[in-house]
**Student:** 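One structure follows; several queries about it will come next.
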Amino acid sequence: MSKIVNLGVLVSGSGSNLQSVIDNIEKGTLPARIRIVISNNPEAFALERARKHGIPVAVITHGSSNSRQEYDQKLVDTLTSHDVELVVLAGFMRVLSPLFLRAFPMRIMNIHPAVLPSFPGTHGQKQAFDYGVKFSGCTVHFADEGIDTGPIIIQAIVPVYDTDTEETLSGRILKEEHRIYPKAIKLYAEGRLQVEGRKVRVKDHPQPEESPRHNPPVSEF
Ligand code: GRF
């Protein structure tokens with residue numbers, strides 16, 4: 001059963017993932033409401049995107065706190081005072097403390113621009129590109145105390161072509177990010193995500209057909 005889930009979105013930069021969540025809510029394809037967008041960066045373009053859609057914003061800069069603990073407590077207080085159920089990390093460039101994670105157990109999602117557990121941390125697209133992988137992609141996962149280590153909800157795969165640059169690959173990945181993040185939030189809203197240890201089971205979804213992909217295609221051999 002779907003309910004309207006109250007979101008708090010944490011951002012630091014451009015906010016294109018925030019935009020895809022907003023667009024899906026406005027289209028009626030995502031049963032959610034963004035109660036607050038919080039940024040640690042007052043210059044983040046994401047803030048403009050939120051304001052344009054009448055979404056309340058808060059800027060909480062690092063300078064305003066003496067410790068990580070104190071900063072994260074401010075985040076928790078702001079989110080809870082806006083009745084946020086699910087925290088959506090959308091390019092939030094900050095590692096969260098156990099205090100924050102404990103306040104929202106399995107209720108914090110993150111998106112990472114690589115196929116985890118490969119290439120965690122910053123610049124996932126560049127790491128994959130430099131490594132020379134033939135496929136990369138993106139991952140939506142629940143946040144835990146590690147860096148990009150939490151239980152995986154959805155992944156998308158894209159090919160890496162010989163003609164790619166880091167920028168073209170990043171663009172291809174970002175397009176998939178915009179598809180899978182709203183989808184993951186929707187599955188949460190529908191109560192279809194069951195976390196069992198490291199595994200997230202999606203209730204009532206059809207088994208995908210087996211379709212192995214090869215890059216370059218095997219037909220070339
Ligand atoms: C995305 O690549 C996301 O995977 C990573 O940070 C970037 C945020 O982009 N966590 P945007 O601000 O949503 O455009």
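Residue numbers start at 1 and run along the sequence shown. Source: prediction; values computed, not measured. Remember, it's 1-based here, ligands and their atoms both numbered in the order they're listed.
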**Student:** Where is the nearest protein heavy atom to atom 1 (C) of ligand 1: which residue, which atom, and how far?
**Tutor:**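 For atom 1 (C) of ligand 1, the nearest protein heavy atom is Glu177 OE1, 3.2 Å.
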
**Student:** So is Ala46 touching ligand 1 or not, going by heavy atoms under 4.0 Å?
**Tutor:**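 No heavy atom of Ala46 comes that close to ligand 1.
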
**Student:** Do His123 and Glu166 have side-chain atoms, one donor and one acceptor, less than 3.5 Å apart?
**Tutor:** no

**Student:** Go through ligand 1 atom by atom and flag the ones less than 4.0 Å from a non-hydrogen atom of Ile111.
**Tutor:** 3 (C), 4 (O), 5 (C), 10 (N)

**Student:** To the nearest 0.5 Å, what is the distance between CD1 on Ile153 and CG on Leu193?
**Tutor:** 5.5 Å

**Student:** How far is atom 12 (O) of ligand 1 from the closest protein heavy atom, and which atom is that?
**Tutor:**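 It is Gly15 N, 2.7 Å.
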
**Student:** Any chance you could measure Ser39, atom OG, to Phe92, atom CZ, to the nearest 0.5 Å?
**Tutor:**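 Ser39 atom OG to Phe92 atom CZ measures 7.5 Å (nearest 0.5 Å).
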
**Student:** Do Asn6 and His82 pair up side chain to side chain, a donor and an acceptor below 3.5 Å, judged on atom types alone?
**Tutor:** no

**Student:** Go through the side-chain N and O atoms of Arg94 and His62 and say whether any donor and acceptor fall under 3.5 Å apart.
**Tutor:** yes

**Student:** Would you say Gln125 contacts ligand 1, with heavy atoms under 4.0 Å as the rule?
**Tutor:** yes

**Student:** May I ask you to identify the nearest protein heavy atom to atom 14 (O) of ligand 1, giving residue, atom name and distance to one decimal place in Å?
**Tutor:**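 Atom 14 (O) of ligand 1 sits closest to the protein heavy atom Ser16 OG, 2.6 Å.
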
**Student:** What protein heavy atom is closest to atom 9 (O) of ligand 1, reported as residue, atom name and distance in Å?
**Tutor:**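 I find the closest protein heavy atom is Asn17 ND2, 3.9 Å.
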
**Student:** How many angstroms lie between CD1 in Ile147 and NE2 in His112, if you round to the nearest 0.5 Å?
**Tutor:**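 With rounding to 0.5 Å, CD1 (Ile147) is 10.5 Å from NE2 (His112).
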
**Student:** In terms of residue, atom name and distance, what is the protein heavy atom nearest to atom 6 (O) of ligand 1?
**Tutor:**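 Here the closest protein heavy atom is Gly91 CA, 3.5 Å.
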
